[in-house]
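Sequence lines set the chain letters: A, B, ... in the order given, protein chains first and strands last, and positions in each chain run from 1. This is a predicted model, so every value here is computed, not measured. When reading the values below, keep in mind they use all heavy atoms of this one structure, side chains included, and skip hydrogens, waters and symmetry mates.
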Number of protein chains: 2
Amino acid sequence: MKKNTVISAFESLSSGIRLDVFRLLVKKGPEGMVAGAIATTLDVPPTNLSFHLKALTQARLLTVEQEGRFQRYRANISLMLDLIAYLTEECCSGHPEQCADMRAASKCSDAVLPPISPTQVKP
Amino acid sequence: MKKNTVISAFESLSSGIRLDVFRLLVKKGPEGMVAGAIATTLDVPPTNLSFHLKALTQARLLTVEQEGRFQRYRANISLMLDLIAYLTEECCSGHPEQCADMRAASKCSDAVLPPISPTQVKP
DNA sequence: ACAACAAATCAACCAATGTTGAAATAAAAC
DNA sequence: GTTTTATTTCAACATTGGTTGATTTGTTGT
């Protein structure tokens, strides 16, 4: 994974509006949302939203598809998971037991992050 | 989890130097590294590194501990995992099978992200 | 063709961030 | 106690990002 991709992605996620947009679309999943609906839901002026959608799309965190006069945006779940992998790779130099007691579980799904097993948590 | 914490964290990870520092310390685990060693390893001028270490620490992605005249920095693995949980929560509105075919595996450890099971991957 | 609508671009302004060398602080070694 | 070493703070500069209203592009329905 290219470092510039990662930097662009995190840069995109460091704005409150863009973070809200991305999480909203992660929640929506494959269905996605059209630009106007996002603007209404998050109460952001369309011009400003367009600016942030462009940034997110250029960072590849979103995809766009034209639907008539609407633009449908979807979260790039694959890139999101790549980012997670990039951050956590080589964690504790391959001795994961060292950070096992600092665990926190992702809510994405059990398919992605399973519940912590009893041997991994502190009493 | 507070949104400002998340924004600060991603803002911190959107600089090439800070991203390198954080990943280096994730790799080092509980051992951590002192500031000078980080500067040498990444070939960053001490003044500049200090600026970035301060940003990462204020964002709570790093912890500092004084050791004589050295400052030892460690990655806050717990916050990193909270960020992952924040990004992925409510993924596909609780229908994770919708994004299962977009999976990518984290390298952090099997304890954190297990290998993809055969039923979760596309042929 | 034309009016109505969705969304993006433009230009202007304001605010925040990254980098560097020199100076300051603070602990260790002599 | 003076010198050396580790790190941070400061001041200056250059660069980049965010917001807004007006304008433009492109699509649908009449």
Assign each of B/Phe70 and B/Lys54 the nucleotide of DNA chain D bearing its closest heavy atom; nearer the 5' end lies the nucleotide of B/Phe70

Residue pairs passing the ring-ring contact (aromatic ring centres under 6.0 Å, His included) test with at least one member in residues 8-49 of chain B, sequence neighbours excluded, are A/Phe10-B/Phe10

Please lay out, stage by stage, how A/Glu65 and A/Arg72 fare under the test salt bridge (Lys or Arg N to Asp or Glu O under 4.0 Å). CA-CA 5 Å; A/Glu65 190 185 358; A/Arg72 181 167 298 270; over 6 Å; no

The correct set of residues in residues 31-47 of chain A placing a heavy atom under 4.0 Å from DNA chain C is A/Val34, A/Ala35, A/Gly36, A/Thr47

Residues 5-15 of chain A vs side-chain hydrogen bond (donor to acceptor under 3.5 Å, both in side chains), sequence neighbours excluded, gives none

N/O donor to acceptor pairs below 3.5 angstrom from side-chain atoms of residues 49-60 of chain B, sequence neighbours left out:
from, atom 1, to, atom 2, distance (Å)
B/His52, ND1, B/Arg18, NH1, 3.1
B/His52, NE2, B/Asn48, OD1, 3.2
B/Thr57, OG1, B/Leu53, O, 2.7

Rounded to whole Å, CG of A/Leu56 lies from C1' of C/dA8 at a distance of 15 Å

Between D/dT8 and B/Tyr73, is there an OP1 or OP2 to side-chain N/O distance shorter than 4.0 Å? yes

Contact string for nucleotides 25-30 of chain D, one letter per nucleotide 5' to 3', B = base within protein heavy-atom range under 4.0 Å, S = sugar-phosphate only, - = neither, reads --BS--

- [ ] Remember a base hit wins even if backbone is also touched, and classify A/Arg18 as base, sugar-phosphate or nothing at under 4.0 Å, heavy atoms.
- [x] sugar-phosphate

Between B/Thr88 and A/Met80, does the side-chain contact (heavy atoms from CB on, under 4.5 Å) criterion hold? Intermediate values first, please. CA-CA 8 Å; B/Thr88 57; A/Met80 179 182 78; 3.5 Å; yes

task = Mind checking A/Ile17 for me? I need base, sugar-phosphate or nothing, with any heavy atom below 4.0 Å counting as a touch.
result = sugar-phosphate

Taken to the nearest whole Å, CG/A/Leu49 to P/D/dG18 is 13 Å

Backbone of B/Gly68 reached by a side-chain donor or acceptor of B/Gln66 within 3.5 Å:
yes

Exercise for review: Apply salt bridge (Lys or Arg N to Asp or Glu O under 4.0 Å) to A/Arg74 and A/Glu31, showing your working.
Suggested key: CA-CA 7 Å; A/Arg74 294 182 180 88; A/Glu31 179 194 351; over 6 Å; no

The residue, B/Leu53 or A/Asn48, whose nearest nucleotide of DNA chain D is more 5′ is B/Leu53

Joining Ile, Leu, Val, Met, Phe, Trp and Tyr whenever any side-chain heavy atoms lie under 4.5 Å apart, the cluster holding B/Val34 also takes in B/Phe70

Any A/His52 side-chain nitrogen or oxygen under 4.0 Å from OP1 or OP2 of D/dG17
no

Check the pair B/Lys27 / A/Glu89 against salt bridge (Lys or Arg N to Asp or Glu O under 4.0 Å), numbers first and verdict last. CA-CA 8 Å; B/Lys27 187 174 178 177; A/Glu89 84 185 355; over 6 Å; no

Between CD of A/Glu11 and C1' of C/dT17 the distance, given in whole Å, is 11 Å

Atom CD of A/Glu65 and atom P of C/dA8 are separated, to the nearest Å, by 14 Å

Atom CZ of B/Phe51 and atom C1' of D/dA11 are separated, to the nearest Å, by 14 Å

